[in-house]
There are 2 protein chains.
Amino acid sequence: MTGRRTSPSLASAEDPIVFVVDDDSSVRESLSSLFRSVGLRVEAFGSAHEFLQCKLPNVPSCLILDIRLPRLSGLDFQAELAKADIQIPVIFMTGHGDIPMTVRAMKAGAVDFLTKPFRDQDMLDAVTAAIERDRNSRDEAKVLSNLHELFATLTPRERQVMALVTTGLMNKQIAAEIGLAEITVKIHRGHIMRKMGAKSLPDLVRMAELLEIGPPSGQPQT
Amino acid sequence: MTGRRTSPSLASAEDPIVFVVDDDSSVRESLSSLFRSVGLRVEAFGSAHEFLQCKLPNVPSCLILDIRLPRLSGLDFQAELAKADIQIPVIFMTGHGDIPMTVRAMKAGAVDFLTKPFRDQDMLDAVTAAIERDRNSRDEAKVLSNLHELFATLTPRERQVMALVTTGLMNKQIAAEIGLAEITVKIHRGHIMRKMGAKSLPDLVRMAELLEIGPPSGQPQT
DNA sequence: GACCGGATCATACGGAGGTTTAGTCAGCCT
DNA sequence: AGGCTGACTAAACCTCCGTATGATCCGGTC
């Protein structure tokens, strides 16, 4: 579907990566060879700690986690990732997991939960789905971060005016609201459109929606 | 938080309902009395079929389902509900469930999965969360359905113009696009604003976003 | 002090948005 | 045939948007 690599044998920042965290080295090795056999890059770690040391590249990826890890349990590790604001789809695997554990993991956002022994194909299916999901969320995040970058170039006044403009107020109402002359609001408005790269007001409104911009407090007067 | 009943002893369309489907009548009865003890309305059924006969009221509710049901399994039933476009949060319970079953149920959108025997409090917590979730999704659905009602009052031409307006095109561009005079577009536009109850263009844009309105085919020319 | 960017405002002009009034035309229902 | 609605258009008119030109004021930097 998506256009892939142009230089076939040159693995780089473009290709997805599978991260494996398991304290059993034989598991790490067999998973690594499984993924490599279908052309996926793999990074394996013996502990959660080691994984966290690693700088995560900005490519579609997923994390295979044994739920029973020596120091930090898989579930706690998942919570740590969420707390540290690390967004990566997690696939759990377990030998002796129970249902409450499964439910907790799934509620916390795990994409799958495989019981050992599992079929290679099941793992590959899970990884494929997880990477696809990550690809999408990274694409969205990319768009959002570009928007935030543009928004950051606005001055405080411009940000304030943008919120009011996208609320639907007229220039003259905005002027009254914040005690300015209408012409000044128009100037700010022009700057906003240029800096944000909006080609029309609807454009700007959609950007504001994505940025979750609203008037700081209270609703606009009827 | 939310303002509840004004007439305390008069259970009616305002109160949440818990639906219980289990083939074991003693389970039905004990769950019923549990929920009633905390003031929740309950409707219990011995089979999926019976539940489907029942007309579902438009109030916050949830469904407690045993995963092992005689004719139709809980999982299949869940799939049936989705296929029939019945939106209700499902809480599974099971005596002898396994992990793959749990994963499948959670992936299909179950809000919780309790193993028998469970503590009353766990069930109540799950039900409370499920009902709260349903309340929110019903509120959103209500807003959306009101919007669709308004949108339905638009003539085909008006719908077409609305799509182009919210895309960000100017009246004259819209006119050229669909072969009309600019003045005609303005007229349609006025009708649209009135019929949709939009107080401003940003308002209309947000409605279009919710209605997922886009140009029928292709992107707007640069 | 000189310089610069943010913020402010005035005047003026052209273009876009929006309403009212008024009229034509085609299709549909009774 | 008569009545109705949707769709379309024109002319006139007003408001609002947007930009350009030119200018003042302030706070911080070199």
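Letters go in sequence order (proteins before strands), and every chain restarts at 1. This is a predicted model, so every value here is computed, not measured.
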>> Can you measure B:Met170 atom CE to C:dG18 atom P for me and round it to whole angstrom units?
In response: 13 Å
> NZ of B:Lys199 versus C1' of C:dG18: gap in Å, rounded?
Replying inline: 18 Å
>> Can you tell me if A:His49 has over 12 outside heavy atoms packed within less than 6.0 Å of its NE2?
In response: no
> Atom CG of A:Leu201 to atom P of C:dG17: distance rounded to whole Å?
Replying inline: 11 Å
> Quick check: does any side chain N or O of A:Lys195 sit under 3.5 Å from a backbone N or O of A:Phe151, one acting as donor and the other as acceptor?
Replying inline: no
> Do the side-chain N and O atoms of A:Asp125 and A:Gln121 include a donor-acceptor pair separated by under 3.5 angstrom?
Replying inline: yes
> Tell me: CZ of B:Arg189 to C1' of C:dT19, nearest whole Å?
Replying inline: 14 Å
>> I'd like to know if the side chain of A:Thr166 reaches the main chain of A:Met162, judged simply by a donor and an acceptor atom lying under 3.5 Å from each other, with no hydrogens or angles considered.
In response: yes
>> Given 3.5 Å as the limit, does a donor-acceptor pair link the side chain of A:Glu158 with the main chain of A:Thr155, or not?
In response: yes
>> Just to verify, what does A:Phe19 make a ring-ring contact (aromatic ring centres under 6.0 Å, His included) with, not counting sequence neighbours?
In response: A:Phe51
Using atom names, set out every protein N or O paired with an N or O of nucleotides 8-12 of chain C below 3.5 Å, distance rounded to 0.1 Å.
residue, atom, partner, partner atom, Å
C:dT8, OP1, A:Arg157, NE, 2.7
C:dT8, OP1, A:Arg157, NH2, 2.5
C:dT8, OP2, A:Arg157, NE, 3.2
C:dT8, OP2, A:His188, NE2, 2.6
C:dC9, OP2, A:Ala181, N, 2.7
C:dC9, OP2, A:Thr184, OG1, 3.1

> Do A:Asp23 and A:Arg28 meet the salt-bridge criterion of a basic N to acidic O distance under 4.0 Å?
Replying inline: no
> Does any N or O in the side chain of A:Ser61 come within less than 3.5 Å of the main-chain N or O of A:Val59, such that one atom is a donor and the other an acceptor?
Replying inline: yes
>> What is the first contacted nucleotide of DNA chain D and what is the last, in 5' to 3' order, if contact means an atom lying under 4.0 angstrom from a heavy atom of chain A?
In response: D:dC16 to D:dA20
>> Nearest whole Å is fine: how far is C:dG6 P from A:Ile192 CD1?
In response: 14 Å
